[in-house]
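Contents: one structure, followed by commentary.
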Amino acid sequence: MCRNIKTLFNFEPPATEDEIRASALQFVRKLSGFNAPSQANAAAFNAAVEEVAEAARKLLTSLHTHAPARDREVEAEKARERSRQRFG
């Protein structure tokens, strides 16, 4: 369920708004246990997604590092290799 929650810090180019929102959505889904909330819970669910996304944005813009920025393709290949080793 949390496959979209990825490390978003220290990439070039920086994390996009869509990536931040996708991670926030997955986080709220995990906490609530809802993949899609009922109409009665939709407003609270959507508000939580926006609040988590805002907190993530603030965090990402306030972090600092001296490490070189990571390359998205290199990190994706590492993830694919881990998956091949794990699942065959």
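For clarity, every value in this text was computed on a predicted model and none was experimentally measured.
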Grab the two heavy atoms, one from [X] and one from [Y], that are nearest each other, plus how far apart they are.
| X | Y | result |
| --- | --- | --- |
| P37 | A42 | CG-CA, 3.9 Å |
| L60 | A15 | CD1-CB, 4.4 Å |
| A53 | I20 | O-CG2, 3.6 Å |

Salt-bridge test for E50 and R21: reply yes if a basic N is under 4.0 Å from a carboxylate O, no otherwise.
yes
Between the side chains of R57 and E54, is the shortest nitrogen-to-carboxylate-oxygen separation below 4.0 Å, so that they form an ion pair?
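A salt bridge links E54 with R57.
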Might you work through the side-chain contact (heavy atoms from CB on, under 4.5 Å) test for E81 and K78, ending with a clear yes or no?
CA-CA 5 Å; E81 182 58 31; K78 287 180 189 177; 5.7 Å; no
For E77, the side-chain hydrogen bond (donor to acceptor under 3.5 Å, both in side chains) test, sequence neighbours excluded, returns R80, R84
Any heavy-atom pair between the side chains of R72 and P13 that's under 4.5 Å?
yes
Working to the nearest 0.5 angstrom, can you tell me the gap between [X] [atom1] and [Y] [atom2]?
| X | Y | atom1 | atom2 | result |
| --- | --- | --- | --- | --- |
| S23 | E19 | OG | CD | 7.5 Å |
| N10 | E75 | CG | CD | 9.5 Å |
| F9 | R70 | CZ | CZ | 8.0 Å |
| L25 | D18 | CG | CG | 11.5 Å |
| F45 | Q39 | CZ | CD | 14.5 Å |

According to a hydrophobic-cluster definition based on side-chain heavy atoms being under 4.5 Å apart (Ile, Leu, Val, Met, Phe, Trp, Tyr only), do L8 and L63 belong together?
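Cluster IDs for L8 and L63 match.
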Decide whether F11 and L59 are clustered together by the hydrophobic rule: side chain heavy atoms of Ile, Leu, Val, Met, Phe, Trp, Tyr closer than 4.5 Å, transitively.
no
